[in-house]
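Step one of this worksheet: look at the structure below.
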Number of protein chains: 2
Amino acid sequence: MPNDKKPVFEGNITADDVAVEAGVSRWTVNRAFRKDASISSKSLEKVRIAAEKLGYVPDLRAASLASDRSNLVALLIDDFANPHKLVMMERLTRILRREGWDILLVNTLDRADAGHALLNASQRRVDAVILIGIQFDDEVLDTALHARRFRKLIIFARTSRNPNTISIAVDDVHAMKEIANYVHERGFRRPMFLAGPRTSSAHLLRKETFVDYWRQHFGSEPETVSVSAYDPALAASIVETTLVDRNKATLPDILVCENDALAIGATDVIRHKLGLRIPQDIAITGFDDVPQAEGANYRLTTYRQPLTDMAEYLVKVLGSEEDRDFDRLFQGKLMIRDSA
Amino acid sequence: MPNDKKPVFEGNITADDVAVEAGVSRWTVNRAFRKDASISSKSLEKVRIAAEKLGYVPDLRAASLASDRSNLVALLIDDFANPHKLVMMERLTRILRREGWDILLVNTLDRADAGHALLNASQRRVDAVILIGIQFDDEVLDTALHARRFRKLIIFARTSRNPNTISIAVDDVHAMKEIANYVHERGFRRPMFLAGPRTSSAHLLRKETFVDYWRQHFGSEPETVSVSAYDPALAASIVETTLVDRNKATLPDILVCENDALAIGATDVIRHKLGLRIPQDIAITGFDDVPQAEGANYRLTTYRQPLTDMAEYLVKVLGSEEDRDFDRLFQGKLMIRDSA
DNA sequence: ATTAATTTTGCTCCCGCGTGCAAATTTCTA
DNA sequence: TAGAAATTTGCACGCGGGAGCAAAATTAAT
């Protein structure tokens, strides 16, 4: 095999090399790669050609080191069993990248691991940390803030009352009231609320809102069940053990789920293990509007979060130098389908 | 609210500060944070205390710049509609992080975007690039390799014949033969193969293998249909338009799908739009063994990829300094459930 | 107790690029 | 076309830490 030499790694083409090739100074070369620099079109062109020829690409590590801006944000995620995480990641990574932000992905195993995950991020000197997880309670946040190494700590798709974090989320209270009202008006009277893990803080207000609504309108507490993770499989087994022995009279007429991950697991088990029909025997609602909620199998009535708007707002926050309160709640949309 | 001052960002605690505090030189401080450095336990302790007090954490950008090792790998992903991607990401991020690798996540929009994604990675001087996507054909790979800026280019969960890349994947041929053999032995005679997008290269050998098997054993080509993305919703609509007008005689007796994403979409539409039963009217097989394949709803017969083993091998490859052929095929496991 | 062997520590010289300013060009004005 | 105004360019210095070696401090050996 002649002429099939393996490409060798050679990462040492620096701005100096390009400068010599183009006949300008190193600083002019670097300017050519910064969008805000003042440079004549003539030398820009010279640099471009030389860089192209040598295969030069600026080293962002060095740029970051010198400028104290990394253009890197850390994305701390857990809860990978929840299909909605895939949607969030897709949306965030796409929009962040479009705006010039690179992303450090950190899989945060559990609460005890959150500190290490944060450490990871701080060692890379990220400009901001985005939390898309359920393991971040006040204690963790305080630790992170105490380290004082993050310019911005953003809680995405989850509200937080911590004054030093930025929370970008859907308005859970408003949304769940809308769902509760729908459930009410459609004549359901024996709802069961299927909740996710009850973290000590920064958790969703969905359950509380629904319970309040029901108490207010009927004077009674709806039954609630909690699942220790947003995992369809786990939700399925919990729902099965909860409902398997019940007769028609004690069965709830609707299962209001904290999110689609739970609703999907519940749907599966209600149909295939309990042999009941949806929505005739038990109706179901979810939250998030994951892709499969719309599919022919689930046709799930759920609440769509305006993820794109939220992500767009997020990049706006990232780009801002101001130091004001960026917290913001978004309105989503109730998607009425066949499950309720 | 007294004493509630907002934590200020102050990222300027450097090794020099710690050195002064601990009464040692800067280099000793840095040594204290490297696991392979020779340092006395006495000064290690002094540094630890000083660093703790000042909240010092080494700057990995600077370390990377000086050592020419970033301990960063880029993960280029597309195809976010495929639920298996979430599983892959979880596994890879968990295992890579455990071994000290940080991850730069790059959402690669389409083929035209692959070059930019690669550029992103090279600007951060990642030590390796991991491709988990379908958009990376030979042309893209050649471009990437031509730039010579990556020590390792790893194609994960997909085979590549490019001699300069490292491919870590399941043995498609072996796996699909096993599936084909199962289909054959269970007496199915009118299979239809549901394939994904046909990229020009680095694609899966599943369809070819199945078609070959069938031709060899029956002398006839099985019907094949192709979906332009591994998206359950898209698969559903293609399957519907393909099968909707058929009568019992012309309907396939089994749908062999290139992966679970397609199988799931197909299942939904077969049940809920065509009103057929699985597996009595049409059986289905998938590939990947995504979480929902095991759930009560799908009970999908599929082929499980040994993702953990593959990821463990990947970190071994990353850590190796040798320059040999790291390509490797893994054996998975046929998971027989109710769908076929 | 000395000297040799070993471990620790400090230091010089980079890594590649941004900041801010002064010098050099270019463009504009009268 | 000279002189002023505006734009470009070059440069010293710094960002935070690693490699490799020489000096210093410990430990081992005789």
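Chain letters run A, B, ... following the sequence lines, proteins first, then strands; residues in each count from 1. The model shown is predicted, which means the values in this text are computed figures rather than measured ones.
Using a 4.0 Å heavy-atom cutoff across all strands shown, B:F33 reaches no nucleic acid atom at all. The residue A:R61 sits apart from the nucleic acid: no heavy atom pair falls under 4.0 Å. If you check every strand for non-hydrogen atoms under 4.0 Å, B:S40 touches sugar and phosphate atoms only. Backbone-only engagement by A:S43 is indicated by non-hydrogen atom pairs under 4.0 Å involving sugar-phosphate atoms exclusively. Among the heavy atoms of the strands lying under 4.0 Å from A:I39 are primed sugar atoms or P, OP1, OP2 only; no base atom is included. Using a 4.0 Å heavy-atom distance criterion, B:R34 is classed as a sugar-phosphate-only contact.
Neither OP1 nor OP2 of D:dC15 sits under 4.0 Å from any side-chain N or O of B:T14. Taking 4.0 angstrom as the limit, B:S25 places a side-chain polar atom (N or O) nearer than this to OP1 or OP2 of C:dG10.
For the pair A:R124 (side chain) and A:L104 (backbone), a donor-acceptor distance under 3.5 Å is absent. Without hydrogens or angle criteria, B:D102 side chain to B:L72 main chain gives no donor-acceptor distance under 3.5 Å. Remark: the backbone N or O of B:R125 is paired with a side-chain donor or acceptor of B:S70 at under 3.5 angstrom.
With rounding to whole Å, B:Q123 atom CD is found 15 Å from C:dG16 atom P. Atoms CG (B:L44) and C1' (C:dT9) sit 14 Å apart, rounded to a whole Å. Atom-to-atom, CG of B:D36 to P of C:dT7 comes out at 15 Å; the value is rounded to the nearest Å. To the nearest angstrom, P of C:dC14 lies 15 Å from CZ of A:R26. Rounded to whole Å, atom P of C:dC14 lies 13 Å from atom CG of A:D16. Between the C1' atom of C:dC17 and the CG atom of A:N12 lies a distance of 16 Å, rounded to the nearest Å. Put simply, CG on A:L65 is 13 Å from C1' on C:dT19, counting in whole angstrom units. Rounded to an integer number of Å, the gap from CG of A:N30 to C1' of D:dC15 is 14 Å.
Taking only side-chain atoms of A:S38, from C-beta outward, the nucleotide of D:dT8, D:dG17, C:dG10 with the closest atom is D:dT8.
The 12-atom threshold is exceeded at CZ of B:R98, counting heavy atoms of other residues, nucleotides or ligands nearer than 6.0 Å.
You won't find any donor-acceptor pair under 3.5 Å spanning the side chain of B:R31 and the base of D:dG18, going by distance alone.
Of the two residues near DNA chain C, B:A62 and B:K42, the one whose nearest nucleotide lies more 5' is B:K42. Between B:A66 and B:G23, the residue anchored nearer the 5' end of DNA chain C, judged by the nucleotide with its closest heavy atom, is B:G23. Sequence order on DNA chain D of the closest nucleotides to A:W27 and A:S41 puts A:S41 first from the 5' end.
Between B:R328 and B:E312 there is no salt bridge, since no side-chain N of the basic residue sits under 4.0 Å from a carboxylate O of the acidic one.
At a cut-off of 3.5 Å, with distance as the only test, a side-chain donor of A:T165 or A:S160 sits close to an acceptor on the other residue.
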